[in-house]
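Okay, structure first, notes after.
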2 protein chains.
Amino acid sequence: MTEQPASLTPTQLSAYFALTEVSSLLRPAVEKQLRDVGALSYVQFQLLARLGDAVDGRSRMTDLADGVVYSRSGLTYQAQSLEERGLITRSPSPDDERSTIVAITAAGRAVLQAVFPGHIEAVRGLLFTPLSDDDASDLARILGRVSAHLRAAPPRSAARRRKT
Amino acid sequence: MTEQPASLTPTQLSAYFALTEVSSLLRPAVEKQLRDVGALSYVQFQLLARLGDAVDGRSRMTDLADGVVYSRSGLTYQAQSLEERGLITRSPSPDDERSTIVAITAAGRAVLQAVFPGHIEAVRGLLFTPLSDDDASDLARILGRVSAHLRAAPPRSAARRRKT
DNA sequence: GTTAGGTGCTTCAAATTCGAAGCAGATAAG
DNA sequence: CTTATCTGCTTCGAATTTGAAGCACCTAAC
C-alpha cells in the first residue's frame, strides 16, 4: 500500500545519492585549503576566479550572482567583504546607473594566483585520483548536459516579484 | 611566468566545474519542493530519510552527522527542531550514557511519505531528464568511486581535538 | 582504583545566508 | 511627457551554520 510507482531506478537513485554525497564531502575539504592559503571562502574564491577569467576582469553584480548561483543579497555581503580587503572594486556602470560593475584588483589577482595551484591540486587529489581519464571525460560530458538542462530554467535573480 | 604546470586537464577542469554547478543548481530547486510540501529543509529531509531507512528507525547523533555530512552542532540544532515538531525523538542510549539515540516517529514517517514521491519526481525531472540510462549508470559508477575515496578520509566528527 | 586521555553531545558567540521590502534608475505604453 | 511597470542593487531581520569550549561519561594504563 505504501509503495509508489518508483520513478527512479535503483541505478538512478544511487547516482543521485552519490552526487549529493560527493559534493557534500568535497566542499569542506576544498574550503580548508582556500581558507588556509588565501583566507577565502568558497564563494569568494569562485567570485575572484570568475572575475579573473572575465574580459577586463569586470562583471555586473547580477551576472556574478547568477554565475556562481548565489542570492543577490548574499553577493552584496561577500562583495563588501572582498572590497574591504581590496581584492575587488565596485563602481557604478556608465551604461546603466543602477548597475554596479565589479572589477578584480591587482591584489585580487595576486590572491587568486596564490591560491589557485593548491586548489587545483586538492581537487585532483580528492576528485580525480580514483578516476581514469575516460571517467573524467564521461563525467564532464554527463554533468555538462545536466548543467545545461538546469541552466535553461530561469535563474535565481528572476525570483518572484509578486504582483501587489 | 605565471603559468603553473596545469595539473588538471581541460576535461577534468570542466568536469569539476560542471559538478559544482550541478550541485549548486540542484539544491535550491529540490529544496523548494521539500519546503512547500513538508516544510522541511534539505538536511532535515536527509535526516528523516536516513532514519526511515535505518533498522528500527534509530541512529546515534554522531552517525547521523557523519552520514549526512554535517557538523555536530548543526545536527543538534536540526534535531531540536525536528523533535519539537514531533518528527523524531531523542533519548539516551542504554549502552552508553553519553550517546543520544534518535528515532523517527510515526508522524515523521508520515511527513517522509508525503514528501518522498514529489522529491523523487523533482530529481528525475531536473537531473535525469537529459540523461540516458547508460549515462545514469556511468554517473553512479564514477561518483560512487569518488565517494568511496572521499569517505576513506577521517569524517567530520573526528575534527581536531587539539592538545591543550 | 585512580588518573590521563578519548568520545558524544550541547552550548555559545560569531559569521553567513536568504527572502522580502525598499530605493532609484530604466523602459514602454498611451 | 506621464505613468505604470520592470530591473539592479542594498538593507533588514530572521534563520542557519560552524568551530571552539565545556560537560559528562567511558576506557585503559598503571
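Convention: sequence-line order gives letters A, B, ...; per-chain numbering from 1.
One finds a side-chain N or O of Thr62(A) lying less than 4.0 angstrom from the OP1 or OP2 phosphate oxygen of dC9(D). Between dA15(C) and Gln78(A), no contact under 4.0 Å exists linking OP1 or OP2 to a side-chain N or O. Regarding contacts with the backbone of dT10(D), every side-chain N or O of Tyr77(A) stays at 4.0 angstrom or more from both OP1 and OP2. Side-chain nitrogen and oxygen atoms of Gln44(B) include none within less than 4.0 Å of the OP1 or OP2 phosphate oxygen of dT16(D). Proximity of Arg72(A) to the phosphate of dT10(D): no side-chain N or O atom is located under 4.0 Å from OP1 or OP2.
Open room surrounds CG on Asp133(A); 12 or fewer heavy atoms of other groups in view lie less than 6.0 Å from it.
A side-chain N or O of Asp135(A) and one of Ser132(A) form a donor-acceptor pair less than 3.5 Å apart. Side-chain N/O atoms of His119(A) and Tyr16(B) include a donor and acceptor closer than 3.5 Å. Using modelled atom types and a 3.5 Å distance limit, the side chains of Gln44(A) and Ser81(A) yield a donor-acceptor pair.
The side chain to side chain contact (heavy atoms under 4.5 Å, CB included) with Arg58(A) is formed by just one residue from the set Ile101(A), Val102(A), Thr89(A); it is Ile101(A). Shown are Thr100(A), Asp95(A), Asp96(A); of these, the side-chain hydrogen bond (donor to acceptor under 3.5 Å, both in side chains) with Arg98(A) is made only by Asp96(A).
In this structure, Glu31(B) reaches neither bases nor backbone, as no heavy-atom distance under 4.0 Å exists between it and the strands shown. Residue contacts shown for Thr100(B) are limited to sugar-phosphate atoms, with no base heavy atom under 4.0 Å away. Across all strands shown, Ser73(B) has heavy atoms under 4.0 Å from base atoms, whether or not it also approaches the sugar-phosphate. Among the protein residues, Ser99(B) comes within range of the sugar-phosphate backbone only, with heavy atoms under 4.0 Å from sugar or phosphate atoms but none that close to a base. Counting any heavy atom pair closer than 4.0 Å across all strands shown, Arg35(B) reaches no nucleic acid atom.
Looking at heavy atoms from C-beta onward, Arg35(B) lies out of side-chain contact with Lys32(B) at the 4.5 angstrom threshold.
Residue-to-nucleotide proximity on DNA chain C shows that, of Gly74(A) and Glu97(A), the 5′-proximal contact is made by Gly74(A).
For the pair Thr20(A) (side chain) and Phe17(A) (backbone), a donor-acceptor distance under 3.5 Å is present.
Considering only the side chain of Gln80(A), dT11(D) comes nearest among dC9(D), dT11(D), dT11(C).
Following rounding to the nearest Å, Arg60(A) (CZ) and dC9(D) (C1') show an atom-to-atom distance of 10 Å. Between the CG atom of Asp95(A) and the P atom of dA24(C) there is a distance of 22 Å, rounded to whole Å. When rounded to the nearest whole Å, the span between CG of Leu34(B) and P of dT16(D) equals 14 Å. Straight-line distance from the CD atom of Gln46(B) to the C1' atom of dT17(D): 15 Å, rounded to whole Å. One atom, OH of Tyr42(B), and another, P of dT17(C), lie 19 Å apart when rounded to the nearest Å. One interatomic measurement links the two molecules: CG of Leu40(B) to C1' of dT16(D), which rounds to 15 Å at whole-angstrom precision. Rounded to whole angstrom, the span from the CE atom of Met61(B) across to the P atom of dT10(C) amounts to 4 Å. Rounded to an integer number of Å, the gap from Leu64(B) CG to dT10(C) P is 11 Å.
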Pairs under 3.5 angstrom, nitrogen or oxygen only, protein versus nucleotides 4-6 of chain C, please.
| residue | atom | partner | partner atom | Å |
| --- | --- | --- | --- | --- |
| dG6(C) | N2 | Arg98(B) | NH1 | 2.8 |

